[in-house]
Amino acid sequence: MSFHIALNFEDGVTRFIDANAGETVADAAYRQGVNIPLDCRDGACGTCKCFAEAGRYDMGDNFIEDALTEEEAEQGYVLTCQMRAESDCVVRVPASSDVCKTQQASYEAAISNVRQLSASTIALSIKGESLSKLAFLPGQYVNLQVPGSSETRAYSFSSLPKDGEVSFLIRNVPGGLMSSFLTNLAKAGDAMTLAGPLGSFYLRDIKRPLLLLAGGTGLAPFTAMLEKIAAQGSEHPLHLIYGVTNDFDLVEMDKLADFAARIPNFTWSACVANPESAYPQKGYVTQHIEPKHLNDGNVDVYLCGPPPMVEAVSQYIREQGIQPANFYYEKFAASAA
Ligand SMILES: Cc1cc2nc3c(=O)[nH]c(=O)nc-3n(C[C@H](O)[C@H](O)[C@H](O)COP(=O)(O)OP(=O)(O)OC[C@H]3O[C@@H](n4cnc5c(N)ncnc54)[C@H](O)[C@@H]3O)c2cc1C
Ligand code: FES
């Protein structure tokens with residue numbers, strides 16, 4: 001039996017390795033060419049200390065307090081030279097991928113579907129043999145090379161990989177390099193290169209209620225997360241608020257309704273900022289956050305969208321005087337800047 005271990009490096013790169021039952025995570029990493037910082041390999045020096053974000057594992061008792069204190073172990077810190085996985089795990093490594101002699105992987109694939117969902121939004125799917133080896137944590141992104149140029153743009157996966165196919169939800173920025181390619185030129189069969197996966201905005205173990213806040217195509221990482229949640233279930237309530245500027249920016253509403261039907265604890269609402277909107281719920285995401293969604297701070301907040309929206313919502317939450325247990329965010333910053 002073996003387990004998938006996601007190693008997240010300081011520079012945002014993620015590498016997946018397999019660890020056999022009984023094998024230490026450090027041994028598994030070295031066997032697969034990832035040199036996690038190590039020294040004693042004996043649980044004595046603390047050089048291999050990392051943070052386990054998710055998963056079950058056994059640390060044994062062959063390590064000393066100087067290397068890892070009881071308090072650190074309770075918080076989730078691990079010594080990878082002692083850690084033996086008992087399920088798939090996510091481990092944050094306090095070093096860059098370079099230092100660990102690894103790097104993001106690159107994949108060659110082809111467009112399988114590209115369609116305009118509305119005047120402002122494009123759905124893109126890419127498929128290829130090589131993508132059957134691509135693993136990522138729901139919420140993460142890749143860099144997609146713009147065909148015919150050496151430039152890349154970052155896009156969050158909007159679904160989990162299926163049969164070598166991955167999908168994206170892309171804002172059509174007028175005059176933008178990738179936007180223009182996708183709107184005017186792209187067709188099924190066109191080659192595309194992806195590099196990743198990347199990013200620390202991904203779904204953690206669900207230990208308390210979640211509040212998910214999406215702005216525009218910032219919905220993408222959440223549809224990937226919801227696919228995972230639909231498959232594994234959640235004991236805790238999850239609420240998504242999806243805000244856009246104009247009515248035509250509202251997309252994937254059927255998909256959200258479908259998730260609500262499949263995930264018993266999941267509720268959602270959408271709102272449109274434009275006061276001329278015909279949509280019943282108007283205003284910004286912050287106007288639709290209710291005290292119960294913040295649950296006196298016993299909540300994990302995930303926030304994704306354009307930088308001004310992420311800043312406005314972060315400030316709003318601070319002003320409520322509530323400190324969420326965890327607050328994760330992703331800004332869809334313009335890559336061309
Ligand atoms: C981690 C990360 C994940 C991302 N994931 C997604 C995603 O899932 N979906 C998605 O749609 N986008 C996402 N983005 C943004 C995306 O990478 C591109 O920046 C965006 O799609 C524009 O690319 P473009 O080539 O069409 O335009 P560009 O050629 O990059 O830009 C053209 C002009 O438009 C401006 N511009 C670019 N983006 C915007 C914007 N959003 N609003 C206003 N002006 C803009 C630029 O400054 C430039 O002047 C993500 C960004 C990051 C950093
Ligand atoms: S390498 Fe020294 S404690 Fe793990």
Side-chain angles (χ1 to χ4, degrees), residues 12-14 24-27 29-30 35-50 59-60 62-69 72-73 77-83 93 95 117-118 120-124 136 138-159 166-186 194-202 214-225 244-245 249 251-252 304-310 328-337:
V13 170
T14 299
T24 69
V25 168
D27 283 347
Y30 272 69
N35 298 6
I36 292 177
L38 281 185
D39 190 356
C40 69
R41 287 179 176 255
D42 220 12
C45 69
T47 308
C48 66
K49 195 185 296 173
C50 291
M59 280 288 298
N62 289 329
F63 62 90
I64 62 169
E65 178 88 5
D66 278 354
L68 186 77
T69 64
E72 286 175 318
Y77 286 93
V78 290
L79 298 173
T80 49
C81 73
Q82 304 298 312
M83 173 189 186
V93 182
L117 294 183
S118 78
S120 62
T121 314
I122 300 161
L124 173 70
F136 56 87
Q140 288 194 301
Y141 69 95
V142 279
N143 284 320
L144 275 182
Q145 190 171 347
V146 186
S149 101
S150 58
E151 299 230 11
T152 62
R153 295 290 182 267
Y155 293 107
S156 308
F157 295 102
S158 62
S159 64
V166 292
S167 302
F168 305 93
L169 192 64
I170 297 181
R171 176 169 170 204
N172 185 6
V173 176
L177 194 64
M178 182 65 97
S179 301
S180 303
F181 166 75
L182 292 174
T183 313
N184 303 323
L185 300 171
L194 307 73
L198 293 152
S200 53
F201 186 74
Y202 52 81
T217 50
L219 183 66
F222 294 117
T223 49
M225 291 183 191
V244 299
T245 307
D249 300 323
V251 295
E252 305 287 40
C304 180
M309 180 263 182
V310 171
Y328 308 105
Y329 63 86
E330 182 88 282
K331 290 183 184 176
F332 278 5
S335 328

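What you see is a predicted model, and the numbers here were worked out from it, not measured in a lab. All ligand and atom numbering here is 1-based and tracks the order in the structure.
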Suppose I only count heavy atoms of Ile170 and a 4.0 Å limit; which atoms of ligand 1 are within that range? 11 (O)
At a 4.0 Å threshold, what atoms of ligand 1 neighbour a non-hydrogen atom of Arg171? 10 (C), 11 (O), 40 (C), 41 (N), 42 (N), 43 (C)
Atom 3 (S) of ligand 2 has as its nearest protein heavy atom Gly46 N, 3.3 Å
Compute whether any side-chain donor of one residue and acceptor of the other, for Thr14 and Gln140, lie under 3.5 angstrom apart. yes
Answer yes or no as to whether an N/O/S atom of Cys40 is found below 2.8 Å from atom 4 (Fe) of ligand 2. no
Can Arg171 and Asp249 be counted as an ion pair, charged N to O under 4.0 angstrom? no
Atom indices of ligand 1, in the order listed, that fall short of 4.0 Å to a heavy atom of Ser156: 3 (C), 5 (N), 6 (C), 7 (C), 8 (O)
Any idea which part of Leu198 is under 4.0 Å from ligand 1, heavy-atom wise: side chain, backbone, both or neither? neither
Checking the N or O distance criterion of under 3.5 Å, is ligand 1 in contact with Tyr141? no
Which of Phe332, Phe157, Tyr141 passes ring-ring contact (aromatic ring centres under 6.0 Å, His included) with Phe168? Answer is Phe157
Provide the number and element of each atom of ligand 2 under 4.0 Å from a heavy atom of Gly43. 3 (S)
Over 12 foreign heavy atoms within 6.0 Å of OH, Tyr30: yes
Leu177 neighbourhood, listing ligand 1 atoms whose heavy-atom distance to it stays under 4.0 Å: 24 (P), 25 (O), 26 (O), 27 (O), 28 (P), 29 (O)
Number the atoms of ligand 1 from 1 as they appear, then name those within less than 4.0 Å of a heavy atom of Lys331, with their elements. 52 (C), 53 (C)
